[in-house]
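Working notes, beginning with the structure itself.
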Amino acid sequence: MSVWVETDLCNGCKRCLKACPYGALEFRDEKASVLDRCTFCGACLSVCKQGALHSDIEPREVPDFSDRKGVWVFAEQRGGKLSPVTLELLGKARRLAGELGQEVCAVLPGDRVSHLCDELIRYGAQTVFLAEHECLRDYRTIAYTDVLEKLIVEYRPNILLLGATHTGRDLAPRISRRIGVGLTADCTELSIDPEEKILLQTRPAFGGNVMATIAGRYARPQMATVRPGVMEACELVGNRGQVIETPVSIREETIGTRVLERVVEKKDAVKLGEAKAIVAGGRGVGDVEGFSLLKELAVLVNGAVAGTRVAVEEGWITPDLQVGQTGQSVRPELYIACGISGAIQHRAGMADSRYIVAINKDPRAPIFQVADWGIVGDLREVVPEIIAQLKAGGSR
Ligand SMILES: Cc1cc2nc3c(=O)[nH]c(=O)nc-3n(C[C@H](O)[C@H](O)[C@H](O)COP(=O)(O)OP(=O)(O)OC[C@H]3O[C@@H](n4cnc5c(N)ncnc54)[C@H](O)[C@@H]3O)c2cc1C
């Protein structure tokens, strides 16, 4: 494979230089020249108006995927209870399937989990593939991969969505490897390209500094994981669905792992994903005592305390309370951001909150761009004032 320049035709316009995502073109004596690092992606060819760039790369043909139907959601459950991300994904799957004119299906592996089918149907599944077996009681990579692989091969879905939970992050790459398709992890948005009718998968890239949209043209199913709390669950009234019971033939010896004990970590804190109000702090809070102030406010608004990565790194809060791209995604009714600059990586986890109040002494802090109410001031003065007013209001 090669890309070459017909130098007589090159007029030195440098369009190809701008179009090349790999910096694989340079200009010598005002003429384009292709470097060794060229990946033959072809991006330069279409922008050259002089027809000076040539290639012997055969255009890749998009296979016929007309038999690939259905937007599938992996129904993650633990101990017979569905994880919230499953219901959130069903909400998104309904919108995607609506645009494609296809069906929403949930895949539910587990042991004695049939009672969950109704809930999946209420939240949008039109078909539930129920795979029950005692070997599927606890999540184990090989057992669950086998079940999903078999169903995918048999029913040929178009799209498969999983939660970017511990389970989903383990299972999704295994499935994608087994069936030989790509996977976009940790998506924050999913949509359908109106012309090509393919899944557009948006996720932060390059350390969260840009949002990249990825499209998989050449393989099916199109696979993505989505972080909990990003999409919205939506219960449907009167949705009807069917349950297809799939036979499972797994032998314990082939699974390779056994669950010996389940250790449940005891946490006093409110689960961030479920909190209606969150008081979050960043570097501006200053120290652990500063967070005591935020806790006082959180109690008054019936909320939870959270923070930025800086607050975690400083040891002021525990890592499970970090909000953002590498922390949790939350969408409470009220998010009070105290001493937080509003870096894109933090906003990625909280920008969908219903109402955002920002307290920051820098009027140019980016957090004000997403805030519904902004208070420019020192949080050490503003927060005690809010606390005092809430207390006064409560005693009235
Ligand atoms: C790959 C990657 C992933 C990341 N993931 C995350 C993530 O998940 N979550 C996350 O939060 N960050 C994440 N980050 C870090 C992120 O880029 C920012 O560095 C971080 O969010 C900044 O935290 P901050 O707002 O607390 O601190 P700063 O950016 O330092 O902001 C402190 C703010 O406090 C204000 N302030 C100071 N004193 C006061 C005061 N007395 N009263 C009022 N305001 C005051 C200042 O004006 C300033 O705006 C990630 C970074 C990378 C590269």
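Order of listing sets the numbers, starting from 1, for every ligand and every atom in it. Throughout, residue positions are numbered sequentially from 1 according to the sequence presented. Please read all numbers here as calculations on a predicted model, not as lab measurements.
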* Start with the C-alpha distance between D372 and R354, add both sets of side-chain angles, then the distance that settles salt bridge (charged side-chain N to carboxylate O under 4.0 Å, His left out), and finish with yes or no. => CA-CA 9 Å; D372 298 283; R354 179 104 189 257; over 6 Å; no
Any idea which atoms of ligand 1 are less than 4.0 Å away from a heavy-atom of [X]?
X: V310; value: 22 (C), 23 (O), 26 (O), 27 (O)
X: G324; value: 7 (C), 8 (O), 9 (N)
X: G282; value: 26 (O)
X: G327; value: 8 (O)
X: Q325; value: 7 (C), 8 (O)
X: G377; value: 42 (N), 43 (C)
X: T326; value: 3 (C), 4 (C), 5 (N), 6 (C), 7 (C), 8 (O)
X: T308; value: 11 (O), 23 (O), 24 (P), 25 (O), 26 (O)

State, to 0.1 Å, how close [X] and [Y] come at their nearest heavy-atom pair, and which atoms those are.
X: L190; Y: M231; answer: N-CE, 4.0 Å
X: L162; Y: A172; answer: CD1-CB, 4.0 Å
X: C105; Y: F129; answer: CB-CE1, 3.9 Å

[X] N/O to ligand 1 N/O under 3.5 Å:
X: D378; result: yes
X: G307; result: no
X: G339; result: yes

* Asked: With a 4.0 Å cut-off on heavy atoms, does V323 reach ligand 1?
  -> yes
* Asked: Heavy atom of G281 under 4.0 Å from ligand 1?
  -> no
Nearest option to [atom], as decided by whichever heavy atom of [options] sits closest:
atom: atom 31 (O) of ligand 1; options: G284, G342, S341, A280; answer: S341
atom: atom 11 (O) of ligand 1; options: H346, E313, K361, E314; answer: H346
atom: atom 49 (O) of ligand 1; options: N360, L379, D362, V312; answer: N360

Sub-4.5 Å side-chain heavy-atom contact between [X] and [Y]:
X: Q222; Y: R220; value: yes
X: T326; Y: R309; value: yes
X: R140; Y: C135; value: yes

* **Exam field: side chain R331 to backbone V230, donor-acceptor pair closer than 3.5 Å** => yes
* Asked: Should the pair F291 and W316 be assigned to parallel (<30°), tilted (30 to 60°) or perpendicular (>60°) ring geometry?
  -> tilted
* To do: Could you tell me whether E245 atom CD has more than 12 heavy atoms of other residues or ligands within 6.0 Å of it?
  => no
